[in-house]
Engineer: 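If you scroll down you'll find the structure; I have some questions about it.
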Amino acid sequence: MSKLHSQTVAVRTGIETDPVHHAVVPPLYLSSNFAFTDYKEPGQFDYARSGNPNTKLLEETLAGLEEGAGAVVTNCGLAAITLVMQLLEQDDTLVIPHDCYGGSHRLFQALAKKGHFKLKIIDQTDFAQVEKALTAKPKMIWLETPSNPLLRIVDVKAICTLAKANGALVAADNTFLSPLLQKPLTLGADFVVHSCTKYINGHSDALGGVVVCADAQHAEDLGWWSNCLGLTDCAALNNYMILRGIRTLSARMTVHQQNAQKLVELLVAHEAVDKVFYPGLASHPGHDIAKKQQTGFGGMLSFELKGGVQQVETVLDNVNLFSIAESLGGTESLICYPSTMTHRAMDAAAQATAGIGKTLLRISAGIEYGDDLVADLRQALNKIVNGE
Ligand SMILES: *Cc1c(COP(=O)(O)O)cnc(C)c1O
C-alpha cells in the first residue's frame, strides 16, 4: 500500500485490532498491573507506569503522524520537555529562543540555574545569531515555530542542516500546528514535542504530552527515563481520550484555520487594531518560510490594539463567544492576555525582549461558525472606536 496520508493515519491507527471481541474501537485497559505468564518472564506489559496497551497505541499513532521511529507519551507537555532535558549533561549547552511558551522558558531557566546544563537565549529569527550559537557546539537547540504568542517562524530545515554540521541535536515544539500542518522530523529535527493538551486532544478535557524521536535508540532511552522519573502518562483513560481526540484532528484543523483566517481579515481592516501576527499574512516576516515548511497557517493568531490596557479591557469585557482563558487548540474559541496570563512566568524584562506588549491579545480560533466569531469580535472592537 502507498504511504498513507496523516488524516488516514489519525483515523485508522489501531482500529479493529482487538483479537478477542473484534471491537472496532480499541478497548480501554484500566488495570494498573498485568500478570506474568511465567514468574521469570513478564509479558509485553507488567506495570502501567512502564506501559499499558492504551499508552502504546497512542505512542504508535503519534510516531506515525510525525513520521518518527518511536514516541514516548507523558502526562503533560512540560513532562515531555523535562524528558528531553535528560539527554543533557552539566557541561552541555542548550540554545533556546527568547520567545517560547512561558512554562518552557521557566523550566529551562530553572534547570539551568540548578546546574543541569548551560543556557543560551537568542533571537532565532536572526540567522546570524543561530549560526553564532551553533558554531559554539551546543548539545541541543530548541525550536518553537510558530512561537507563542507572536507566531514568529524559523526555518527548521536550515537550522537542522547547520545543527547537524556542528554535532547539535534539534528538538522542535510542534504544539501550535500539530503534525497535520508541520512535521519537523521530515525537515531534519531529532525530536518533536507536543503538549497533547492542545490540538492533539483538542477538546480541553485532558492533559498530555509526547516526545517523538527520529532515532529508535533515542526513543528507547527516553522511554527508560520516563519510567525512571515517573513522567509517563500512566492513566489509560487519559490516553484513550487523547486518541479519541486525534481521530478528528484533521477535520478540526481545517475549521480552526478557516476561522483564524476570517478573524485575521477582520483584525487587519479594523481601526482599533495596531498590528496583527499571523503567518498566513503576506506581510508576516516568516510568511515565505511558513509556506515552505507548513501545510497550513494554523488556528492561532495574536494582535496588538492601539491605545493601552483600557482598550484591552474593553475587548475582554465585551466578547461573548471567546472565553478568557489560557491554553489553546480546543473546539471552543479562547482569548488571552499573555502579559498576565500565559507568559506571566517571564519577568518584565524577558517579556519585553520577547516582544510581549501591553496591548497584545492572543486568540485560539475554535470551530464555531466563523461568521459568528467575526461578528462577536467586531462588536467588541467597535466599542473601543465608539468610546464605550
Ligand atoms: C501548553 C504548552 C506547553 C506545555 O504543555 P502542558 O501540557 O501544559 O504541560 C508547551 N509548549 C507549548 C507551545 C504549549 O502551548
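Note that these values count all heavy atoms, side chains included, but never hydrogens, waters or copies made by symmetry. Numbers for residues simply follow the sequence, beginning at 1. Each ligand, and each atom within it, is numbered from 1 in the order the structure gives.
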Engineer: Taking only heavy atoms of Leu78, which atoms of ligand 1 are found under 4.0 Å from at least one of them?
Structural biologist: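 So the atoms of ligand 1 that pass are 4 (C), 5 (O), 6 (P), 9 (O).
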Engineer: Please state which option from Gly329, Gly209, Ser195 has its nearest heavy atom closest to atom 5 (O) of ligand 1.
Structural biologist: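 Closest candidate by heavy-atom distance is Ser195.
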Engineer: Against heavy atoms of Cys76, which atoms of ligand 1 measure under 4.0 Å?
Structural biologist: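 Answer for ligand 1: 7 (O), 9 (O).
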Engineer: Apply side chain to side chain donor-acceptor pair (under 3.5 Å) to residues Thr13 and Glu60 and explain how you reach the verdict.
Structural biologist: CA-CA 8 Å; Thr13 308; Glu60 282 170 10; over 6 Å; no
Engineer: Who's the nearest protein heavy-atom neighbour of atom 1 (C) of ligand 1, and how far?
Structural biologist: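 Here the nearest protein heavy atom works out to Lys198 NZ, 1.4 Å.
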Engineer: Is it possible for you to check whether Lys198 lies under 6.0 Å from the centre of the six-membered ring of Tyr101, through NZ or CZ, and within 45° of that ring's axis?
Structural biologist: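 Ring-cation test returns yes.
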Engineer: Rounded at 0.5 Å granularity, tell me how far OG1 in Thr125 sits from NE2 in His98.
Structural biologist: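 Separation between the atoms: 6.0 Å.
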Engineer: Drop me the distance from Thr331's OG1 to Asp205's CG, to the nearest 0.5 angstrom.
Structural biologist: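 Going from the OG1 atom of Thr331 to the CG atom of Asp205 covers 8.5 Å.
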Engineer: Of the backbone atoms (N, CA, C, O) and the side-chain heavy atoms from C-beta on, which set of Thr197 has a member under 4.0 Å from an atom of ligand 1: side chain, backbone, both, or neither?
Structural biologist: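 The part of Thr197 near ligand 1 is the side chain, not the backbone.
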Engineer: Determine whether the aromatic ring centres of Phe297 and His284 lie less than 6.0 Å apart.
Structural biologist: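 Aromatic pair excluded; centres sit 6.0 Å or further apart.
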Engineer: Quick test: of every protein heavy atom, which one is nearest to atom 4 (C) of ligand 1, and how far off is it to 0.1 Å?
Structural biologist: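 Here the nearest protein heavy atom works out to Tyr101 CE2, 3.4 Å.
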Engineer: I'd like to know if the side chain of Gln293 reaches the main chain of Val154, judged simply by a donor and an acceptor atom lying under 3.5 Å from each other, with no hydrogens or angles considered.
Structural biologist: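 A pair under 3.5 Å: yes.
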Engineer: Using a 4.0 Å cutoff against the non-hydrogen atoms of Leu328, which atoms of ligand 1 qualify?
Structural biologist: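 In order of numbering, the contacting atoms are 15 (O).
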Engineer: Assess whether a salt bridge exists between Lys164 and Asp190, defined as any Lys/Arg side-chain N lying under 4.0 Å from an Asp/Glu carboxylate O.
Structural biologist: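 Salt bridge present between Lys164 and Asp190.
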Engineer: If you measure every N or O of Phe176 against every N or O of ligand 1, does any of those distances drop under 3.5 Å?
Structural biologist: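 It does not: no N or O of Phe176 is found under 3.5 Å from an N or O of ligand 1.
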Engineer: Could you tell me which atoms of ligand 1, counted from 1 in the order shown, lie closer than 4.0 angstrom to a heavy atom of Asp173?
Structural biologist: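 Answer, ordered by atom number: 10 (C), 11 (N), 12 (C), 13 (C).
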Engineer: Would you mind listing which atoms of ligand 1 come within a distance below 4.0 Å of any non-hydrogen atom of Gly77?
Structural biologist: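 Near Gly77, the atoms of ligand 1 are 5 (O), 6 (P), 7 (O), 9 (O).
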